[in-house]
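Working notes for the structure below.
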Amino acid sequence: MSPGLLKVAERARQEPKGVFHSLAHLIDVSALERAYGRLRKDAAVGVDGMTKEQYGQELGRRLNDLHDRMASKRYRHQPIRRVHIPKGQGKTRPIGVSALEDKIVQGAVREVLESIYEQDFLDCSYGFRPGRRAHDALRALNWAVYHGEVSWIVEADIRSFFDSVDREALMEMLSLRVVDGALLRLVGKCLHVGVLDGEEVSTPDVGTAQGSVLSPLLGNVYLHHVLDLWFEREVKPRLRGKALLVRYADDFVIGFEHRDDAERVMAVLGKRMGRYGLTLHPEKTRLVDFRRPTSGQTRGKGPSTIDFLGFTLYWRKTLRGRWEMWCKTQRARLRRALVAVEDFCRRHRHEPIKVQHAALVQRMNGHLNYFGVNGNQRSMRLLLRAVNRCWRKWLNRRSQNARMTWKKYTRLRRELPFPSLQVRVQIWC
(Lines give C-alpha, C1' and ligand atoms only; values in the text may rest on other atoms or scores of the structure.)
Protein backbone atom coordinates (compact mmCIF):
# COMPACT_ATOMS: atom_id res chain seq x y z
CA MET A 1 0.00 0.00 0.00
CA SER A 2 1.33 3.43 -0.94
CA PRO A 3 1.99 6.12 1.73
CA GLY A 4 -1.06 8.04 0.49
CA LEU A 5 -3.32 5.03 0.93
CA LEU A 6 -1.88 4.38 4.38
CA LYS A 7 -2.91 7.88 5.39
CA VAL A 8 -6.40 7.29 3.99
CA ALA A 9 -6.69 4.01 5.91
CA GLU A 10 -5.53 5.64 9.14
CA ARG A 11 -8.00 8.48 8.79
CA ALA A 12 -10.82 6.06 7.95
CA ARG A 13 -9.99 4.13 11.11
CA GLN A 14 -9.94 7.23 13.32
CA GLU A 15 -13.03 8.85 11.75
CA PRO A 16 -15.70 6.17 11.19
CA LYS A 17 -18.17 8.80 9.97
CA GLY A 18 -15.70 10.96 8.08
CA VAL A 19 -16.02 11.59 4.34
CA PHE A 20 -13.27 11.73 1.72
CA HIS A 21 -13.30 14.56 -0.79
CA SER A 22 -10.03 13.94 -2.66
CA LEU A 23 -9.09 10.38 -3.61
CA ALA A 24 -8.83 10.19 -7.40
CA HIS A 25 -5.30 11.66 -7.37
CA LEU A 26 -4.15 8.44 -5.64
CA ILE A 27 -4.83 6.54 -8.87
CA ASP A 28 -1.55 7.48 -10.53
CA VAL A 29 0.69 5.51 -12.87
CA SER A 30 2.22 3.66 -9.90
CA ALA A 31 -1.25 2.57 -8.74
CA LEU A 32 -2.08 1.34 -12.24
CA GLU A 33 1.21 -0.58 -12.33
CA ARG A 34 0.42 -2.22 -8.98
CA ALA A 35 -3.00 -3.19 -10.32
CA TYR A 36 -1.37 -4.68 -13.43
CA GLY A 37 1.02 -6.70 -11.26
CA ARG A 38 -1.88 -8.26 -9.34
CA LEU A 39 -3.53 -9.63 -12.48
CA ARG A 40 -3.24 -13.34 -13.18
CA LYS A 41 -1.11 -14.31 -16.15
CA ASP A 42 -3.61 -16.95 -17.30
CA ALA A 43 -6.74 -14.84 -16.81
CA ALA A 44 -9.43 -15.01 -19.50
CA VAL A 45 -9.28 -12.24 -22.09
CA GLY A 46 -12.04 -9.71 -22.67
CA VAL A 47 -13.49 -8.28 -25.85
CA ASP A 48 -10.10 -6.74 -26.78
CA GLY A 49 -8.37 -10.15 -26.81
CA MET A 50 -5.41 -8.65 -24.94
CA THR A 51 -3.40 -10.88 -22.57
CA LYS A 52 -1.29 -9.67 -19.67
CA GLU A 53 1.90 -10.65 -21.47
CA GLN A 54 0.96 -8.71 -24.60
CA TYR A 55 -0.01 -5.61 -22.61
CA GLY A 56 3.24 -5.76 -20.66
CA GLN A 57 5.42 -5.54 -23.78
CA GLU A 58 4.89 -1.77 -23.80
CA LEU A 59 3.75 -1.41 -20.23
CA GLY A 60 5.14 2.06 -19.49
CA ARG A 61 3.70 3.69 -22.59
CA ARG A 62 0.32 1.96 -22.21
CA LEU A 63 -0.07 2.90 -18.54
CA ASN A 64 0.88 6.52 -19.16
CA ASP A 65 -1.63 6.71 -21.99
CA LEU A 66 -4.31 5.12 -19.80
CA HIS A 67 -3.60 7.57 -16.98
CA ASP A 68 -3.79 10.52 -19.37
CA ARG A 69 -7.18 9.37 -20.65
CA MET A 70 -8.46 8.94 -17.10
CA ALA A 71 -7.20 12.38 -16.04
CA SER A 72 -8.79 14.06 -19.08
CA LYS A 73 -12.05 12.08 -18.68
CA ARG A 74 -11.55 10.36 -22.04
CA TYR A 75 -11.39 6.85 -20.57
CA ARG A 76 -14.29 4.58 -21.56
CA HIS A 77 -14.96 1.11 -20.15
CA GLN A 78 -15.29 -1.49 -22.90
CA PRO A 79 -18.19 -4.00 -22.95
CA ILE A 80 -17.90 -7.02 -20.68
CA ARG A 81 -17.69 -10.43 -22.33
CA ARG A 82 -20.07 -12.84 -20.65
CA VAL A 83 -19.17 -16.50 -20.37
CA HIS A 84 -21.20 -19.30 -18.79
CA ILE A 85 -19.38 -21.82 -16.62
CA PRO A 86 -20.95 -25.13 -15.48
CA LYS A 87 -22.52 -24.98 -12.04
CA GLY A 88 -23.83 -28.54 -11.72
CA GLN A 89 -27.18 -30.21 -12.44
CA GLY A 90 -27.17 -28.70 -15.94
CA LYS A 91 -27.05 -25.12 -14.63
CA THR A 92 -24.48 -22.45 -15.48
CA ARG A 93 -23.12 -19.39 -13.72
CA PRO A 94 -22.70 -16.20 -15.82
CA ILE A 95 -19.26 -14.62 -15.39
CA GLY A 96 -18.28 -11.21 -16.76
CA VAL A 97 -14.81 -10.89 -18.26
CA SER A 98 -13.54 -7.33 -18.63
CA ALA A 99 -10.90 -6.12 -21.08
CA LEU A 100 -7.42 -6.11 -19.59
CA GLU A 101 -7.16 -2.33 -19.44
CA ASP A 102 -10.48 -2.19 -17.61
CA LYS A 103 -9.24 -4.78 -15.13
CA ILE A 104 -6.31 -2.49 -14.36
CA VAL A 105 -8.60 0.48 -13.72
CA GLN A 106 -10.91 -1.64 -11.57
CA GLY A 107 -7.95 -2.92 -9.56
CA ALA A 108 -6.69 0.62 -8.89
CA VAL A 109 -10.17 1.81 -7.86
CA ARG A 110 -10.59 -1.21 -5.61
CA GLU A 111 -7.26 -0.47 -3.89
CA VAL A 112 -8.44 3.03 -2.96
CA LEU A 113 -11.91 1.96 -1.79
CA GLU A 114 -10.48 -1.01 0.10
CA SER A 115 -8.22 1.26 2.16
CA ILE A 116 -11.39 2.93 3.49
CA TYR A 117 -13.85 0.07 3.77
CA GLU A 118 -11.48 -2.40 5.37
CA GLN A 119 -11.70 -0.11 8.40
CA ASP A 120 -15.53 -0.14 8.24
CA PHE A 121 -16.35 -3.78 7.55
CA LEU A 122 -17.46 -5.81 10.55
CA ASP A 123 -15.83 -8.99 11.85
CA CYS A 124 -18.78 -11.07 10.61
CA SER A 125 -17.68 -10.49 6.97
CA TYR A 126 -15.03 -12.85 5.57
CA GLY A 127 -15.34 -12.96 1.78
CA PHE A 128 -12.79 -11.31 -0.53
CA ARG A 129 -11.00 -9.47 2.27
CA PRO A 130 -7.23 -9.34 2.89
CA GLY A 131 -6.08 -11.93 5.41
CA ARG A 132 -9.50 -13.61 5.64
CA ARG A 133 -10.55 -16.93 4.17
CA ALA A 134 -13.58 -19.18 4.04
CA HIS A 135 -11.94 -21.40 6.66
CA ASP A 136 -12.00 -18.46 9.09
CA ALA A 137 -15.76 -18.16 8.61
CA LEU A 138 -16.18 -21.86 9.36
CA ARG A 139 -14.01 -21.52 12.49
CA ALA A 140 -16.20 -18.66 13.75
CA LEU A 141 -19.36 -20.73 13.30
CA ASN A 142 -17.74 -23.78 14.90
CA TRP A 143 -16.60 -21.75 17.93
CA ALA A 144 -20.13 -20.46 18.55
CA VAL A 145 -21.68 -23.93 18.16
CA TYR A 146 -19.03 -25.57 20.35
CA HIS A 147 -19.63 -23.07 23.18
CA GLY A 148 -23.40 -23.45 23.03
CA GLU A 149 -24.14 -19.98 21.67
CA VAL A 150 -25.85 -21.35 18.55
CA SER A 151 -28.65 -23.92 18.55
CA TRP A 152 -30.80 -22.71 15.65
CA ILE A 153 -29.38 -21.70 12.28
CA VAL A 154 -30.94 -19.75 9.42
CA GLU A 155 -29.29 -21.04 6.25
CA ALA A 156 -29.83 -18.35 3.58
CA ASP A 157 -29.20 -18.04 -0.13
CA ILE A 158 -29.58 -14.80 -2.11
CA ARG A 159 -30.84 -15.47 -5.62
CA SER A 160 -28.53 -14.02 -8.33
CA PHE A 161 -27.02 -11.50 -5.94
CA PHE A 162 -24.53 -9.78 -8.26
CA ASP A 163 -27.16 -9.45 -11.00
CA SER A 164 -29.67 -7.91 -8.56
CA VAL A 165 -27.63 -5.15 -6.91
CA ASP A 166 -29.46 -1.81 -7.09
CA ARG A 167 -26.81 0.47 -8.59
CA GLU A 168 -28.46 3.67 -7.41
CA ALA A 169 -28.63 2.38 -3.83
CA LEU A 170 -25.01 1.20 -4.07
CA MET A 171 -23.80 4.64 -5.21
CA GLU A 172 -25.70 6.23 -2.32
CA MET A 173 -23.95 3.87 0.08
CA LEU A 174 -20.56 4.75 -1.37
CA SER A 175 -21.30 8.48 -1.13
CA LEU A 176 -21.67 8.17 2.64
CA ARG A 177 -17.88 7.86 2.79
CA VAL A 178 -16.66 8.96 -0.65
CA VAL A 179 -17.77 12.30 -2.10
CA ASP A 180 -14.96 12.58 -4.63
CA GLY A 181 -16.90 12.98 -7.86
CA ALA A 182 -14.02 11.83 -10.06
CA LEU A 183 -13.68 8.52 -8.21
CA LEU A 184 -17.43 7.94 -8.12
CA ARG A 185 -17.58 8.55 -11.88
CA LEU A 186 -14.96 5.83 -12.37
CA VAL A 187 -17.04 3.44 -10.27
CA GLY A 188 -20.08 4.36 -12.36
CA LYS A 189 -18.19 3.64 -15.59
CA CYS A 190 -17.31 0.19 -14.22
CA LEU A 191 -20.98 -0.45 -13.39
CA HIS A 192 -22.81 1.00 -16.38
CA VAL A 193 -21.26 -1.03 -19.18
CA GLY A 194 -22.63 -3.17 -21.97
CA VAL A 195 -22.56 -6.95 -21.78
CA LEU A 196 -21.56 -9.03 -24.82
CA ASP A 197 -23.20 -12.47 -24.58
CA GLY A 198 -22.35 -14.38 -27.74
CA GLU A 199 -23.34 -11.98 -30.51
CA GLU A 200 -25.91 -10.05 -28.46
CA VAL A 201 -25.09 -6.83 -26.61
CA SER A 202 -27.28 -5.76 -23.70
CA THR A 203 -27.12 -2.83 -21.26
CA PRO A 204 -28.61 -3.98 -17.92
CA ASP A 205 -29.58 -1.23 -15.50
CA VAL A 206 -29.08 -3.33 -12.35
CA GLY A 207 -26.32 -5.53 -11.03
CA THR A 208 -22.55 -5.61 -11.04
CA ALA A 209 -20.77 -8.14 -13.24
CA GLN A 210 -19.81 -11.26 -11.32
CA GLY A 211 -16.17 -12.02 -12.07
CA SER A 212 -14.92 -8.44 -12.40
CA VAL A 213 -12.07 -7.20 -10.22
CA LEU A 214 -14.21 -4.56 -8.51
CA SER A 215 -17.44 -6.51 -7.99
CA PRO A 216 -16.46 -8.43 -4.83
CA LEU A 217 -15.65 -5.21 -2.96
CA LEU A 218 -18.81 -3.48 -4.20
CA GLY A 219 -20.83 -6.54 -3.16
CA ASN A 220 -19.28 -6.37 0.31
CA VAL A 221 -20.11 -2.67 0.59
CA TYR A 222 -23.70 -3.39 -0.44
CA LEU A 223 -24.25 -6.23 2.03
CA HIS A 224 -22.36 -4.32 4.73
CA HIS A 225 -25.20 -1.79 4.69
CA VAL A 226 -28.06 -4.13 3.80
CA LEU A 227 -27.27 -6.98 6.17
CA ASP A 228 -24.26 -6.57 8.49
CA LEU A 229 -25.03 -3.16 10.03
CA TRP A 230 -28.75 -3.92 10.16
CA PHE A 231 -28.16 -7.17 12.03
CA GLU A 232 -25.63 -5.74 14.49
CA ARG A 233 -27.37 -2.43 15.23
CA GLU A 234 -31.07 -3.18 14.86
CA VAL A 235 -31.61 -6.93 15.20
CA LYS A 236 -29.24 -8.16 17.93
CA PRO A 237 -30.27 -5.59 20.56
CA ARG A 238 -33.90 -6.79 20.26
CA LEU A 239 -33.15 -10.50 20.66
CA ARG A 240 -33.66 -12.49 23.85
CA GLY A 241 -30.48 -14.54 23.52
CA LYS A 242 -27.17 -14.61 21.71
CA ALA A 243 -26.91 -14.51 17.91
CA LEU A 244 -24.16 -14.66 15.31
CA LEU A 245 -23.95 -13.66 11.64
CA VAL A 246 -21.26 -15.28 9.50
CA ARG A 247 -21.08 -13.98 5.92
CA TYR A 248 -18.76 -14.89 3.08
CA ALA A 249 -19.62 -12.57 0.16
CA ASP A 250 -23.31 -13.30 -0.57
CA ASP A 251 -23.30 -16.66 1.24
CA PHE A 252 -24.28 -16.37 4.91
CA VAL A 253 -25.75 -18.15 7.92
CA ILE A 254 -27.24 -16.67 11.08
CA GLY A 255 -27.03 -18.63 14.32
CA PHE A 256 -29.33 -18.15 17.32
CA GLU A 257 -29.44 -19.37 20.88
CA HIS A 258 -33.26 -19.44 21.01
CA ARG A 259 -35.81 -20.62 18.47
CA ASP A 260 -38.18 -17.67 18.89
CA ASP A 261 -35.38 -15.24 18.02
CA ALA A 262 -34.59 -17.24 14.89
CA GLU A 263 -38.23 -17.29 13.79
CA ARG A 264 -38.62 -13.53 14.29
CA VAL A 265 -35.53 -12.75 12.18
CA MET A 266 -36.53 -15.32 9.58
CA ALA A 267 -39.88 -13.56 9.21
CA VAL A 268 -38.33 -10.14 8.47
CA LEU A 269 -35.17 -11.16 6.61
CA GLY A 270 -36.88 -11.51 3.24
CA LYS A 271 -38.56 -8.11 3.63
CA ARG A 272 -35.22 -6.50 4.47
CA MET A 273 -33.62 -7.97 1.36
CA GLY A 274 -36.59 -6.97 -0.79
CA ARG A 275 -36.15 -3.30 0.13
CA TYR A 276 -32.83 -3.38 -1.73
CA GLY A 277 -33.88 -5.46 -4.73
CA LEU A 278 -32.62 -8.78 -3.36
CA THR A 279 -34.57 -12.05 -3.15
CA LEU A 280 -33.98 -15.04 -0.91
CA HIS A 281 -34.15 -18.40 -2.66
CA PRO A 282 -37.26 -20.07 -1.16
CA GLU A 283 -35.92 -23.62 -1.47
CA LYS A 284 -32.43 -22.86 -0.14
CA THR A 285 -33.40 -20.59 2.74
CA ARG A 286 -34.53 -22.48 5.83
CA LEU A 287 -34.44 -22.62 9.61
CA VAL A 288 -32.51 -25.61 10.92
CA ASP A 289 -32.70 -27.12 14.40
CA PHE A 290 -28.98 -27.53 15.08
CA ARG A 291 -29.08 -28.27 18.80
CA ARG A 292 -26.50 -30.66 20.14
CA PRO A 293 -28.08 -34.16 20.36
CA THR A 294 -28.74 -35.47 23.86
CA SER A 295 -26.16 -37.69 25.50
CA GLY A 296 -28.63 -40.57 25.58
CA GLN A 297 -29.02 -40.61 21.82
CA THR A 298 -27.22 -43.65 20.41
CA ARG A 299 -27.26 -42.77 16.70
CA GLY A 300 -23.89 -42.06 15.11
CA LYS A 301 -25.10 -38.83 13.48
CA GLY A 302 -27.36 -36.01 14.50
CA PRO A 303 -30.68 -35.38 12.72
CA SER A 304 -29.85 -32.01 11.09
CA THR A 305 -27.32 -30.79 8.56
CA ILE A 306 -26.51 -27.43 7.00
CA ASP A 307 -24.59 -26.58 3.83
CA PHE A 308 -22.14 -23.71 4.05
CA LEU A 309 -19.18 -22.73 1.85
CA GLY A 310 -19.01 -26.07 0.07
CA PHE A 311 -19.20 -28.17 3.25
CA THR A 312 -22.06 -30.10 4.82
CA LEU A 313 -21.96 -29.60 8.60
CA TYR A 314 -23.51 -32.17 10.92
CA TRP A 315 -23.37 -33.61 14.43
CA ARG A 316 -21.33 -36.75 14.92
CA LYS A 317 -20.78 -38.91 17.98
CA THR A 318 -17.10 -39.56 18.62
CA LEU A 319 -15.58 -42.78 19.94
CA ARG A 320 -15.43 -41.14 23.38
CA GLY A 321 -19.19 -40.67 23.32
CA ARG A 322 -19.13 -36.87 22.79
CA TRP A 323 -21.26 -35.07 20.22
CA GLU A 324 -19.22 -32.72 18.04
CA MET A 325 -19.92 -30.73 14.89
CA TRP A 326 -18.13 -32.31 11.96
CA CYS A 327 -18.04 -31.80 8.22
CA LYS A 328 -17.85 -33.43 4.81
CA THR A 329 -17.55 -32.09 1.29
CA GLN A 330 -20.94 -31.03 0.02
CA ARG A 331 -22.30 -33.69 -2.32
CA ALA A 332 -22.72 -31.31 -5.27
CA ARG A 333 -19.17 -29.95 -4.89
CA LEU A 334 -17.66 -33.45 -4.72
CA ARG A 335 -19.68 -34.52 -7.76
CA ARG A 336 -18.48 -31.45 -9.66
CA ALA A 337 -14.86 -32.27 -8.86
CA LEU A 338 -15.26 -35.88 -10.01
CA VAL A 339 -16.96 -34.82 -13.26
CA ALA A 340 -14.07 -32.43 -13.94
CA VAL A 341 -11.50 -35.19 -13.39
CA GLU A 342 -13.42 -37.59 -15.64
CA ASP A 343 -13.59 -34.97 -18.38
CA PHE A 344 -9.88 -34.19 -18.10
CA CYS A 345 -8.81 -37.84 -18.23
CA ARG A 346 -11.00 -38.49 -21.25
CA ARG A 347 -9.83 -35.48 -23.26
CA HIS A 348 -6.13 -35.81 -22.42
CA ARG A 349 -5.73 -39.60 -22.39
CA HIS A 350 -3.30 -39.59 -25.34
CA GLU A 351 -0.90 -37.08 -23.82
CA PRO A 352 2.31 -38.34 -22.13
CA ILE A 353 1.54 -40.03 -18.83
CA LYS A 354 3.82 -37.71 -16.84
CA VAL A 355 2.04 -34.68 -18.28
CA GLN A 356 -1.34 -36.13 -17.29
CA HIS A 357 -0.03 -36.96 -13.82
CA ALA A 358 1.30 -33.44 -13.23
CA ALA A 359 -2.05 -31.92 -14.24
CA LEU A 360 -4.01 -34.33 -12.02
CA VAL A 361 -1.73 -33.58 -9.07
CA GLN A 362 -2.29 -29.86 -9.59
CA ARG A 363 -6.06 -30.34 -9.64
CA MET A 364 -6.04 -32.56 -6.58
CA ASN A 365 -3.87 -30.11 -4.63
CA GLY A 366 -6.25 -27.29 -5.49
CA HIS A 367 -9.18 -29.33 -4.18
CA LEU A 368 -7.38 -30.59 -1.08
CA ASN A 369 -6.01 -27.17 -0.13
CA TYR A 370 -9.62 -26.11 0.44
CA PHE A 371 -11.44 -29.30 1.43
CA GLY A 372 -8.53 -30.98 3.24
CA VAL A 373 -9.75 -30.01 6.71
CA ASN A 374 -9.78 -32.16 9.80
CA GLY A 375 -12.90 -34.29 9.90
CA ASN A 376 -13.22 -34.53 6.13
CA GLN A 377 -10.92 -37.51 5.56
CA ARG A 378 -13.70 -39.73 4.24
CA SER A 379 -14.52 -37.30 1.41
CA MET A 380 -10.83 -37.01 0.58
CA ARG A 381 -10.52 -40.79 0.35
CA LEU A 382 -13.56 -40.93 -1.93
CA LEU A 383 -11.89 -38.38 -4.21
CA LEU A 384 -8.61 -40.34 -4.34
CA ARG A 385 -10.38 -43.63 -5.14
CA ALA A 386 -12.44 -41.98 -7.86
CA VAL A 387 -9.37 -40.37 -9.45
CA ASN A 388 -7.57 -43.74 -9.45
CA ARG A 389 -10.51 -45.52 -11.10
CA CYS A 390 -11.00 -42.77 -13.65
CA TRP A 391 -7.35 -42.40 -14.66
CA ARG A 392 -6.80 -46.15 -15.00
CA LYS A 393 -9.97 -46.47 -17.09
CA TRP A 394 -8.86 -43.88 -19.64
CA LEU A 395 -5.25 -45.05 -19.67
CA ASN A 396 -6.64 -48.48 -20.46
CA ARG A 397 -8.37 -47.05 -23.55
CA ARG A 398 -5.24 -45.51 -25.05
CA SER A 399 -4.52 -48.65 -27.01
CA GLN A 400 -6.28 -51.88 -27.96
CA ASN A 401 -3.08 -53.86 -27.51
CA ALA A 402 -1.37 -52.56 -24.37
CA ARG A 403 -3.92 -52.92 -21.61
CA MET A 404 -3.55 -50.98 -18.34
CA THR A 405 -4.34 -53.67 -15.80
CA TRP A 406 -4.64 -52.85 -12.14
CA LYS A 407 -1.29 -54.53 -11.55
CA LYS A 408 0.44 -52.29 -14.10
CA TYR A 409 -1.42 -49.29 -12.79
CA THR A 410 -0.26 -50.00 -9.22
CA ARG A 411 3.37 -50.07 -10.39
CA LEU A 412 2.79 -46.82 -12.27
CA ARG A 413 1.33 -45.16 -9.21
CA ARG A 414 4.39 -46.10 -7.15
CA GLU A 415 6.51 -44.14 -9.59
CA LEU A 416 4.00 -41.28 -9.92
CA PRO A 417 2.30 -40.82 -6.55
CA PHE A 418 -0.70 -38.62 -5.88
CA PRO A 419 -0.79 -36.06 -3.02
CA SER A 420 -1.13 -37.52 0.45
CA LEU A 421 -4.46 -37.18 2.23
CA GLN A 422 -3.05 -35.43 5.27
CA VAL A 423 -5.08 -32.68 6.92
CA ARG A 424 -4.04 -29.31 5.52
CA VAL A 425 -6.29 -26.98 7.51
CA GLN A 426 -7.38 -27.30 11.14
CA ILE A 427 -10.91 -25.98 11.71
CA TRP A 428 -12.89 -28.09 14.14
CA CYS A 429 -12.32 -28.14 17.89
Side-chain angles (χ1 to χ4, degrees), residues 40-45 49 51-53 81-97 133-135 198 210-211 251 307-312 327-425 427:
R40 288 173 45 195
K41 294 181 180 180
D42 58 345
V45 298
T51 65
K52 181 179 181 180
E53 182 181 0
R81 184 172 68 88
R82 175 163 287 177
V83 296
H84 298 267
I85 61 174
K87 189 179 177 181
Q89 298 180 347
K91 300 180 180 179
T92 60
R93 184 190 303 276
I95 299 294
V97 182
R133 306 169 59 196
H135 296 136
Q210 186 174 1
D251 195 358
D307 292 330
F308 188 46
L309 300 179
F311 292 92
T312 296
C327 77
K328 60 184 177 181
T329 306
Q330 198 173 329
R331 183 177 301 176
R333 295 291 293 270
L334 184 59
R335 186 187 306 116
R336 191 190 311 172
L338 299 182
V339 168
V341 168
E342 174 82 18
D343 182 63
F344 171 84
C345 292
R346 177 182 58 81
R347 290 188 293 107
H348 297 270
R349 62 185 181 275
H350 294 301
E351 291 186 1
I353 290 180
K354 289 188 177 181
V355 173
Q356 294 185 50
H357 172 261
L360 286 172
V361 167
Q362 184 179 16
R363 282 164 170 75
M364 291 184 68
N365 275 325
H367 184 91
L368 295 174
N369 285 340
Y370 183 79
F371 289 103
V373 305
N374 58 318
N376 196 29
Q377 288 88 340
R378 182 173 180 272
S379 296
M380 291 191 285
R381 288 194 295 269
L382 286 174
L383 175 71
L384 179 60
R385 285 200 293 267
V387 171
N388 275 318
R389 287 195 305 269
C390 178
W391 197 29
R392 191 207 71 85
K393 180 182 79 172
W394 289 107
L395 288 178
N396 191 43
R397 299 187 182 186
R398 282 159 61 96
S399 169
Q400 294 181 347
N401 299 322
R403 310 295 292 178
M404 177 61 70
T405 63
W406 275 106
K407 187 175 182 180
K408 290 174 63 177
Y409 180 76
T410 303
R411 289 199 301 267
L412 172 67
R413 286 277 286 102
R414 291 196 189 103
E415 299 176 6
L416 302 174
F418 282 144
S420 63
L421 299 183
Q422 62 186 13
V423 173
R424 305 193 180 193
V425 183
I427 291 182

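Hydrogens, waters and symmetry mates are skipped; everything else that's a heavy atom, side chains included, is used.
Between the side chains of R424 and N374, no donor-acceptor pair of N or O atoms lies under 3.5 Å. No side-chain N or O of N396 forms a donor-acceptor pair with one of Y409 less than 3.5 Å apart.
At a threshold of 4.5 Å between non-hydrogen side-chain atoms, the residues R349 and W391 do not count as touching. The closest side-chain heavy-atom distance from F311 to K328 is not below 4.5 Å. Using a 4.5 Å heavy-atom cutoff, the side chains of L412 and L395 are in contact. The shortest distance between side-chain heavy atoms of F371 and V425 does not fall below 4.5 Å. Proximity of V97 to R82: side-chain heavy atoms (C-beta onward) are nowhere separated by under 4.5 Å. Contact of the D343 side chain with the R346 side chain is registered, since non-hydrogen atoms from C-beta on lie closer than 4.5 Å. Residues T312 and R331 have side chains not in contact (no heavy-atom distance under 4.5 Å, counting atoms from C-beta outward). Counting heavy atoms from C-beta outward, T410 and R414 have side chains that approach closer than 4.5 Å.
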Exercise. Mind running side-chain contact (heavy atoms from CB on, under 4.5 Å) on H367 and V341 for me, showing each step along the way?
Key: CA-CA 11 Å; H367 184 91; V341 168; over 6 Å; no
Practice problem: Please assess K408 against R403 for the test side-chain contact (heavy atoms from CB on, under 4.5 Å), listing each intermediate value before the final yes or no. | Solution: CA-CA 9 Å; K408 290 174 63 177; R403 310 295 292 178; 5.8 Å; no
Quiz item: After noting the C-alpha distance and the side-chain angles of Q330 and F308, does the key distance pass the side-chain contact (heavy atoms from CB on, under 4.5 Å) rule?
Solution: CA-CA 8 Å; Q330 198 173 329; F308 188 46; over 6 Å; no
Practice problem: In sequence, state the C-alpha distance, the side-chain angles, and the governing distance for L421 and Q377, and then conclude on side-chain contact (heavy atoms from CB on, under 4.5 Å). | Solution: CA-CA 7 Å; L421 299 183; Q377 288 88 340; over 6 Å; no
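Of the options H348, R347, K354, a side-chain hydrogen bond (donor to acceptor under 3.5 Å, both in side chains) to E351 is made by H348 and by none of the others.
Nearest heavy atom pair, residue V361 against residue P417, reads CG2-O, 4.1 Å. Closest approach of H350 to Q356, counting heavy atoms only: N-NE2, 4.3 Å. Contact detail for R40 and K52: the closest heavy-atom pair is O-CD, 4.0 Å. For the residue pair L368 and S420, the shortest heavy atom distance occurs at CD1-O, 4.1 Å. Across every non-hydrogen atom of S379 and L334, the tightest pair is O-CD1, 4.3 Å. In terms of heavy-atom proximity, C327 sits nearest to V373 at SG-CG2, 3.5 Å.
Once rounded to the nearest 0.5 Å, the distance linking CZ of R413 with CZ of F418 reads 5.0 Å. Atoms CG and CZ, on L338 and R335 in that order, are 9.0 Å from each other to the nearest 0.5 Å. Separation of atoms CZ (R389) and CG (L384) is listed at 10.0 Å; rounding is to 0.5 Å. Between the SG atom in C345 and the NZ atom in K393 there is a gap of 9.0 Å [rounded to 0.5 Å]. Taking CG of D251 as the start and CG of L309 as the end, the distance is 5.0 Å to the nearest 0.5 Å.
In this structure, the side chain of N369 engages the main chain of N365 through a donor-acceptor pair within 3.5 Å. Side-chain atoms of H135 come within 3.5 Å of backbone N or O of Y370 as a donor-acceptor pair. Using modelled atom types, no side-chain atom of K41 and backbone atom of E53 make a donor-acceptor pair closer than 3.5 Å.
Proximity of the aromatic rings of F344 and W394 is defined here by a centroid distance below 6.0 angstrom, and this criterion is not met.
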